Amino acid sequence: DGGITQSPKYLFRKEGQNVTLSCEQNLNHDAMYWYRQDPGQGLRLIYYSQIVNDFQKGDIAEGYSVSREKKESFPLTVTSAQKNPTAFYLCASSIDSNSNQPQHFGDGTRLSIL
Amino acid sequence: QQQVKQSPQSLIVQKGGISIINCAYENTAFDYFPWYQQFPGKGPALLIAIRPDVSEKKEGRFTISFNKSAKQFSLHIMDSQPGDSATYFCAASKGGYNKLIFGAGTRLAVHP
């Protein structure tokens with residue numbers, strides 16, 4: 001089955017700890033995205049990547065970092081600098097970064113603070 | 001200018017009724033307006049999308065109405081079913097870049 005796989009489904013972070021959320025896609029999509037979802041709010045863009053070895057900050061990039069070493073993988077690291085990391089994190093991909101291409105989402109990782 | 005305002009925040013509809021969710025935007029450069037449906041614990045899934053060169057698009061029981069002059073668009077769900085109970089998000093993007101700006105979401109409950 002083609003799709004986007006996010007892991008783990010649930011993640012707990014201790015104070016001062018960096019954690020990495022995995023996102024893998026087998027759709028052969030060039031563009032990938034990370035969003036944060038908080039209760040009662042829409043999705044907010046953290047980082048996006050239009051192509052391998054390239055990525056740009058979204059609207060709320062502070063405290064986060066990404067890499068795009070392979071086309072199918074776009075991991076997100078939540079660093080200790082992110083003071084309010086508790087949220088539902090969603091990864092998405094699209095064929096390319098043109099605006100008429102639908103974004104396909106994974107089923108998310110829920111991050112909580114211990 | 002970047003915001004997309006969505007209303008209502010929550011909506012209760014009886015089975016068989018019409019669910020209507022509205023969105024408004026400010027930035028006239030937006031040129032793609034998708035609607036996503038999200039069930040609890042899942043990622044959003046694309047329902048239907050429209051471009052500003054058409055005023056309405058219908059797919060099954062779902063219809064987007066678009067009013068370019070008012071900078072508003074809405075989702076209508078005809079013959080609403082309990083299985084439609086989910087959170088719905090409108091979104092917009094502009095100028096060839098697939099950076100979606102999402103509304104805050106509407107939690108729809110369809111009662112049998």
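Treat the numbers as computed from the prediction; the structure is a model and nothing was measured.
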Looking at A:Gln41 and B:Phe89, what are the two nearest heavy atoms and their distance? O-CE2, 4.0 Å
Contacting moiety of A:Asp59, where chain B heavy atoms sit under 4.5 Å: side chain
In short, A:Pro102 meets B:Leu46 closest at the heavy-atom pair CB-CD2, 3.2 Å
B:Val4, A:Ile46: one ILVMFWY side-chain cluster at the under-4.5 Å cut-off? no
How long is the straight-line distance from CZ of B:Phe102 back to OH of A:Tyr35, given to the nearest 0.5 Å? 4.5 Å
Under 4.5 Å heavy-atom distance to chain A, tell me which part of B:Phe39 shows up: side chain, backbone, both or neither. neither
Among B:Ala104, B:Ala91, B:Gly105, who wins on heavy-atom pairs under 4.5 Å with chain A? B:Ala104
Less than 4.5 Å apart, side chain to side chain, heavy atoms only: is that true for A:Tyr33 and B:Leu100? no
Under 4.5 Å from a heavy atom of chain A, the part of B:Pro44 involved: both
Can you hop from B:Phe66 to B:Ile20 via hydrophobic side chains spaced under 4.5 Å? no
What part of A:Leu43 lies closer than 4.5 angstrom to a heavy atom of chain B: side chain, backbone, both or neither? both
Given heavy-atom pairs under 4.5 angstrom as the criterion, report whether the side chain, backbone, both or neither of A:Gln103 touches chain B. both
Is any side-chain heavy atom of A:Leu90 less than 4.5 Å from a side-chain heavy atom of B:Gln38? yes
What parts of residues 74-84 of chain A touch chain B if we use heavy atoms and a cut-off under 4.5 Å? none
